[in-house]
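Taking it in order: structure first as structure tokens, then the write-up.
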Amino acid sequence: MLLVQHIRENYHQVLLGLQKRNLPQVENTLQQVLALDDKRKACQTQRDQLQAESNAISKEIGLLMKEGKQAEATAIREKTALIKGQIKDVEDEHEHVEQQLKALLYTLPNVPQEAVPAGKSAEDNEVVKQEGVIPTLFEGKLPHWDLIKKYDIIDFDLGVKIAGAGFPVYKGKGARLQRALINFFLDQAQTQGYFEVQPPILVNEDSGYGTGQLPDKEGQMYFAQADQLYLIPTAEVPITNLYRDVIVNRSDLPIKNVGYTPCFRREAGSWGAHVRGLNRLHQFDKVEIVQITHPDASYAALEEMSTYVQGLLKMLELPYRVLRLCGGDMGFTSAMTYDMEVYSAGQDRWLEVSSVSNFETYQANRLKLRWKEEDKKPQLAHTLNGSALALPRIVAAILENNQTPHGIKMPKVLHSYLGFDSI
RNA sequence: AGAGAGUUGGGUGAGUGGCUGAAACCAACAGUUUGCUAAACUGUCGUACGGGUUAUACUGUACCGGGGGUUCGAAUCCCCCACUCUCUGCCA
């Protein structure tokens, strides 16, 4: 959520930034926000004055009672009825205005950072970099959905029987590849100073609001009705929420966490011809890195995270490219996002395997996540996160790119984790 | 799941209707003393939103798990909810 104060003080920057997201009504909304905030302040000033008056009278009554001056106390008491009525009116108004303001602020996405290109869709994303060699495969190469059947390592039909479409069953070497990748990713993060956590994969409503999944993406999450808990769409939710309502010391920054969790997404209405096999699932595994930084350090951290993720892709010997997302394609809460895509040679297309974002203070404002230096006032921290990495499309690319007519070779870094070197 | 007891500031913990934003102790921070460390002593030591100021100072209101109620006045009384602990039951 954007800070009203920030909108006020940086009006033009905020306006221009938000316009990169193609929001036609945004100027109107910003004006309304400022107007409502003025109204809010006016109400509060009025309410505070009335309340102060009321408090003074109550105090006086107390003193009079103590001195045994019952009659005088009773006389003053009558004055309070009027003030009470006034307070109630102003308070109702105040609350109403605050709610309107909050509702409006929830509709405003984060302001894209300067370097973010304007644009409407994925077409307008900027290719920052491309690395690795796109393999030329033999005649008769297969997409991964055929490979997994051929080698019997992932079974979608069994998943349908147990749960439904989009819930694959990994078997034998397929299951071990999952486990190997998770361990490999966690071990690598550890070497870069990330602290490993294993969070709950069901979260409450407050957590959903904290990182911005609610109220925006309500329909994208599975919900356990009886206990009012959401299944997490990403480990970002529980891990970042560990720091909800926390004031950390400046010296504790940056905080770097890593965690593996399964992720659950309803993906309502997003199924089509190009999402076969592992390309889009309801349940998948992901290792997520999260950083909490000082505001001055967040863009350096974003680069560091991007470099780290690229390092993983290099070790896995996968050709990849890095995109800087345009305003129109970027997530609601992000100020800048890099997407990493690997080339999957069986389908001949790029697949998004990681998204690394800086949220600046947008999440921190909702989370009330702040840092403090010495005797100074607490200030909002910056939060960042990134997939490092999401498994299914990595698996798809490994299978497709390394296939031979006689088997599939596994990347060298995984051999010790797998206990085998090909499928 | 049933019964009972709880939830107060960074921590321990006092406080049963007004002078309590909240005792005391601990921790933390600053200073004095000290050859160094330690100890002792002194002081500071919550958050949010307003007003005010170039910025401080100063100042108003709210906050004692969350929400509602009673009252001129609530940490304190009443109701609802959440969570924690103990016992019983169940269980990987």
Side-chain angles (χ1 to χ4, degrees), chain A residues 1-9 33-105 198-210 214 223-230 238 241-253 255 262 361 363-381:
Chain A
M1 189 154 53
L2 297 177
L3 282 164
V4 178
Q5 197 192 348
H6 183 259
I7 296 174
R8 199 179 283 284
E9 287 168 5
V33 164
L34 294 184
L36 280 169
D37 191 49
D38 286 338
K39 210 167 165 189
R40 196 202 97 238
K41 285 184 190 174
C43 284
Q44 186 180 330
T45 303
Q46 204 182 343
R47 193 222 29 207
D48 285 357
Q49 278 168 3
L50 288 168
Q51 191 61 253
E53 204 177 322
S54 166
N55 287 348
I57 293 174
S58 291
K59 209 166 201 172
E60 208 179 332
I61 292 175
L63 288 172
L64 289 171
M65 301 272 278
K66 210 169 190 180
E67 292 165 20
K69 298 175 180 169
Q70 295 288 342
E72 287 175 49
T74 311
I76 302 180
R77 190 178 294 176
E78 280 162 20
K79 288 208 297 193
T80 60
L82 179 67
I83 296 177
K84 264 180 99 173
Q86 289 175 325
I87 290 178
K88 173 114 178 64
D89 289 346
V90 179
E91 220 158 44
D92 287 349
E93 173 78 5
H94 187 237
E95 200 169 314
H96 179 64
V97 169
E98 257 185 346
Q99 269 173 14
Q100 278 184 308
L101 180 58
K102 199 171 175 188
L104 212 53
L105 285 171
Q198 208 175 98
I201 59 176
L202 276 83
V203 296
N204 57 28
E205 195 181 38
D206 285 348
S207 298
Y209 275 97
L214 296 174
F223 183 57
Q225 183 67 248
D227 297 286
Q228 301 282 299
L229 294 171
Y230 293 88
N241 270 283
L242 295 175
Y243 300 92
R244 172 153 45 87
D245 291 321
V246 169
I247 300 176
V248 299
N249 289 325
R250 160 142 205 197
S251 55
D252 294 332
L253 299 175
I255 292 168
T361 59
Q363 287 183 331
N365 187 27
R366 287 200 194 177
L367 291 160
K368 295 198 174 64
L369 162 53
R370 291 166 293 172
W371 62 276
K372 187 175 176 169
E373 186 169 30
E374 305 281 310
D375 298 331
K376 292 180 187 157
K377 275 198 149 190
Q379 291 187 51
L380 293 174

Query raised in the report: How do A:M65 and A:S54 order along RNA chain B: which one's closest nucleotide is nearer the 5' end?
Result: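 With A:M65 and A:S54 compared, the 5'-side residue is A:M65.
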Report task. Using heavy atoms to find the nearest nucleotide of RNA chain B for A:L63 and A:N55 separately, return the residue whose nucleotide is more 5′. Result ->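 Taking each residue's closest nucleotide, the earlier one in sequence belongs to A:L63.
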Identity of whatever pairs with [N] - Watson-Crick or G-U, under 3.5 angstrom:
N     : answer
B:A40 : B:U32
B:A75 : none
B:U70 : none
B:U12 : B:A24
B:A3  : B:U86
B:G65 : B:C81
B:A92 : none
B:C58 : B:G51

Atom-to-atom span, [atom1] of [X] to [atom2] of [N] - whole angstrom:
X      : N     : atom1 : atom2 : value
A:D245 : B:A82 : CG    : P     : 20 Å
A:Q49  : B:U59 : CD    : C1'   : 12 Å
A:K372 : B:A28 : NZ    : P     : 16 Å
A:E95  : B:G67 : CD    : C1'   : 11 Å
A:L369 : B:U47 : CG    : P     : 15 Å
A:D38  : B:G50 : CG    : C1'   : 13 Å
A:I76  : B:G73 : CD1   : P     : 14 Å
A:I61  : B:U71 : CD1   : C1'   : 10 Å

[X] has a side chain; which of [options] sits nearest to it?
X      : options             : result
A:S58  : B:C72, B:A48, B:U61 : B:C72
A:D48  : B:G50, B:U47, B:G60 : B:G60
A:P378 : B:U61, B:C49, B:A48 : B:A48
A:A52  : B:A48, B:G60, B:U47 : B:G60

Query raised in the report: Taking NZ, NE, NH1 and NH2 as the nitrogens, is one of them in A:K41 or A:D48 under 4.0 Å from a carboxylate oxygen of the other?
Result: no
Query raised in the report: Should A:D37 and A:R40 count as an ion pair when the cut-off is N to O under 4.0 Å?
Result: yes
Grab the two heavy atoms, one from [X] and one from [Y], that are nearest each other, plus how far apart they are.
X      : Y      : result
A:R77  : A:I61  : CA-CD1, 3.9 Å
A:L367 : A:N241 : CD2-OD1, 3.3 Å
A:V97  : A:L36  : CG1-O, 3.4 Å
A:L34  : A:I7   : CD2-CG2, 4.2 Å
A:L64  : A:E72  : CD2-OE1, 3.8 Å

Determine the interatomic distance between [atom1] on [N] and the same-named atom on [M]; round to the nearest Å.
N     : M     : atom1 : result
B:U76 : B:U20 : C1'   : 11 Å
B:U37 : B:A24 : P     : 30 Å
B:A62 : B:G68 : P     : 15 Å
B:A74 : B:G67 : P     : 15 Å
B:A27 : B:C79 : C1'   : 39 Å
B:G11 : B:G65 : P     : 13 Å
B:C72 : B:U56 : C1'   : 38 Å
B:U44 : B:U71 : C1'   : 38 Å

Query raised in the report: How many angstroms lie between CD1 in A:I83 and CG in A:N55, if you round to the nearest 0.5 Å?
Result: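 Reported to 0.5 Å precision, the distance equals 10.0 Å.
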Query raised in the report: Are side-chain N/O atoms of A:S207 and A:N204 paired as donor and acceptor at under 3.5 Å?
Result: yes
Query raised in the report: Do we see a donor-acceptor contact under 3.5 Å between the side chains of A:E9 and A:Q5?
Result: yes
Report task. Could you check whether A:Q44 gets within reach of a base, just the sugar-phosphate, or nothing at all, counting any heavy atom under 4.0 Å? Result ->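 Base contact.
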Query raised in the report: Residues from residues 78-91 of chain A sitting under 4.0 Å of RNA chain B, heavy atoms only?
Result: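 When residues 78-91 of chain A is checked for heavy atoms under 4.0 Å from RNA chain B, the hits, listed by number, are A:T80, A:K84.
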Query raised in the report: Hey, does the side chain of A:R47 come within less than 4.0 Å of B:A62's phosphate (OP1/OP2), counting only N and O?
Result: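 Checking A:R47 against B:A62: no side-chain N or O falls below 4.0 Å of OP1 or OP2.
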